[in-house]
Amino acid sequence: MLSSTVKKKILRWLICIVSAVILLALAGILLLDTIAKSVAERRVRAETGMDTKIGKFSIGLRSATIHIENFVLKNPPEFGGETFVEMPELFVEYDRDALRSGKLHLKLVRININQVHVVESKEGKKNVDELQKHPAKSKAPGGSTNKSDPAFTFDAIDTLDVTLKTARFTSFKNPDQNLEHDLGIRHETFKNLKTEKDFQTAAALLTLKAGAHFLLSGKLLNHVTLLKQGANAGKETKNVLEELAEPVRTKTEPTNP
């Protein structure tokens with residue numbers, strides 16, 4: 001099963017990868033689309049250690065938009081070589097005036113992820129853990145940390161539209177644990193994301209909704225599994241809610257003398 005830690009790693013790395021692609025696109029606004037696509041493929045490959053393919057990379061100079069289609073990350077041979085992330089579309093509308101002032105203000109970000117494939121090797125390593133060996137050079141949502149990237153200061157995302165369809169888990173170590181299920185996230189919309197905490201909250205809510213959809217999808221075939229997964233989901237929900245409430249609790253609790 002996909003643990004809470006693995007789910008958080010997946011969401012964190014998806015955010016980092018998408019942020020890197022957006023920053024690379026903005027850095028290449030004055031380049032030809034084909035050049036920007038090639039640069040983005042090389043940089044994402046360098047940051048993730050995975051083969052990267054982008055079907056179409058379009059930068060609208062008049063409309064201040066970026067449109068990426070058929071973005072694919074491939075697992076290394078150690079993890080079977082199949083697709084890790086399949087993203088049919090990433091659409092971004094940005095504020096050109098803010099960009100000229102060094103601020104990254106995105107009016108609309110629409111992400112459609114068709115598949116995320118977590119793989120466990122025969123040695124028990126997971127592909128999401130291996131990504132730790134390739135630390136992302138682009139912070140999310142704070143902007144870029146690479147000297148060759150433009151020095152943008154993150155301002156806000158007015159609207160974030162997320163679709164997450166299928167999650168797969170393949171274990172070469174324990175094949176009986178293999179699974180595939182629908183995450184149930186279709187055009188989930190978040191407004192006015194301005195801080196890292198806003199992104200953490202959005203990611204936590206997406207994780208909770210995906211977990212609830214799995215529990216209610218009818219794929220759990222016996223009461224023992226249902227009770228076990230229900231308990232795990234309840235524990236994860238409690239942990240997430242405690243994390244979200246921590247800043248409020250810190251402000252409201254009296255200080256010990």
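Source: prediction; values computed, not measured. Excluded from the calculations below are hydrogen atoms, water molecules and symmetry mates; all remaining heavy atoms, backbone and side chain alike, are included.
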**Report entry** Reported CZ-to-CG distance for the pair F199 and L193, which is rounded to 0.5 angstrom
**Finding:** 5.0 Å
**Report entry** Residue list, side-chain contact (heavy atoms from CB on, under 4.5 Å) with N70, at least two apart or on another chain
**Finding:** none
Query raised in the report: Taking atom CZ of F71 and atom CD of E86, what is their separation to the nearest 0.5 Å?
Result: 11.5 Å
Report task. Identify the heavy atoms of T52 and M50 that sit nearest to each other, and give their distance. Result -> OG1-O, 3.1 Å
Query - Single-linkage hydrophobic cluster L99~V109, side-chain heavy atoms < 4.5 angstrom - result: yes
Query raised in the report: What do the steps show when you test V118 against E120 for side-chain contact (heavy atoms from CB on, under 4.5 Å), and what is the final call?
Result: CA-CA 7 Å; V118 179; E120 182 181 48; over 6 Å; no
Report summary line: When E89, K56, E93 are each screened for side-chain contact (heavy atoms from CB on, under 4.5 Å) with H67, the one that passes is E89
Report task. Please name the pair of heavy atoms, one in K194 and one in D198, separated by the smallest distance, quoted to 0.1 Å. Result -> N-OD2, 2.7 Å
Requested in this report: Under the side-chain contact (heavy atoms from CB on, under 4.5 Å) rule, collect the residues that match up with K122, sequence neighbours excluded.
Outcome: F172
Query raised in the report: Roughly how far, to the nearest 0.5 Å, is the CG atom of L104 from the CG atom of D155?
Result: 8.0 Å
Query raised in the report: For H117, does its backbone N or O pair with a side-chain atom of N127 as donor and acceptor, under 3.5 Å?
Result: yes
Report task. Could you tell me the separation between the CD atom of E41 and the NZ atom of K53, rounded to the nearest 0.5 Å? Result -> 6.0 Å
Query raised in the report: Has the side chain of T153 got a donor or acceptor atom that lies under 3.5 Å from a matching backbone atom of K103?
Result: no
Requested in this report: For K125 and F79, run side-chain contact (heavy atoms from CB on, under 4.5 Å): C-alpha distance rounded to whole Å, both residues' side-chain angles, the deciding distance at 0.1 Å, then the answer.
Outcome: CA-CA 9 Å; K125 299 178 181 179; F79 298 100; 4.2 Å; yes
**Report entry** Test item: R110 side-chain N/O and D161 main-chain N/O as donor-acceptor pair under 3.5 Å
**Finding:** no
Query raised in the report: Counting N and O atoms only, with roles assigned by atom type, does the side chain of D158 sit under 3.5 Å from a partner on the main chain of L108, one being a donor and the other an acceptor?
Result: no
**Report entry** Any side-chain heavy-atom pair of K107 and T159 under 4.5 Å
**Finding:** no
Requested in this report: Taking all non-hydrogen atoms of both residues into account, name the closest pair between P76 and G49 and its distance.
Outcome: CG-O, 4.4 Å
Requested in this report: Would you confirm whether N174, through its side chain, and D176, through its main-chain N or O, come within 3.5 Å as a donor-acceptor pair?
Outcome: no
Requested in this report: Answer yes if L205 and V162 sit in the same cluster of Ile, Leu, Val, Met, Phe, Trp and Tyr residues linked by side chain heavy atoms under 4.5 Å apart, and no otherwise.
Outcome: yes
Requested in this report: May I have the step-by-step check of side-chain contact (heavy atoms from CB on, under 4.5 Å) for I68 and I54, ending in yes or no?
Outcome: CA-CA 7 Å; I68 297 173; I54 298 175; 3.7 Å; yes
Query raised in the report: Under 3.5 Å, side chain of S121 to main-chain N/O of V119, donor-acceptor pair present?
Result: no
Requested in this report: Identify whether L106 and L90 are in the same connected component of the hydrophobic contact network (ILVMFWY, side-chain heavy atoms under 4.5 Å).
Outcome: yes
Query raised in the report: Under the ring-ring contact (aromatic ring centres under 6.0 Å, His included) test, which residues partner H105, sequence neighbours left out?
Result: none
**Report entry** Euclidean distance, I111 CD1 relative to L160 CG, rounded to 0.5 Å
**Finding:** 5.5 Å
Report summary line: CD1 of I185 to CD1 of I113, rounded to nearest 0.5 Å, is 11.0 Å
Query raised in the report: With side chains defined as the heavy atoms from C-beta onward, is the minimum distance between F84 and V128 less than 4.5 Å?
Result: yes
Query - Shortest non-hydrogen contact between P88 and N114, atoms and distance - result: CD-N, 3.6 Å
Requested in this report: Check G81 against K74 and note the closest heavy-atom contact, atom names and distance.
Outcome: O-CD, 3.8 Å
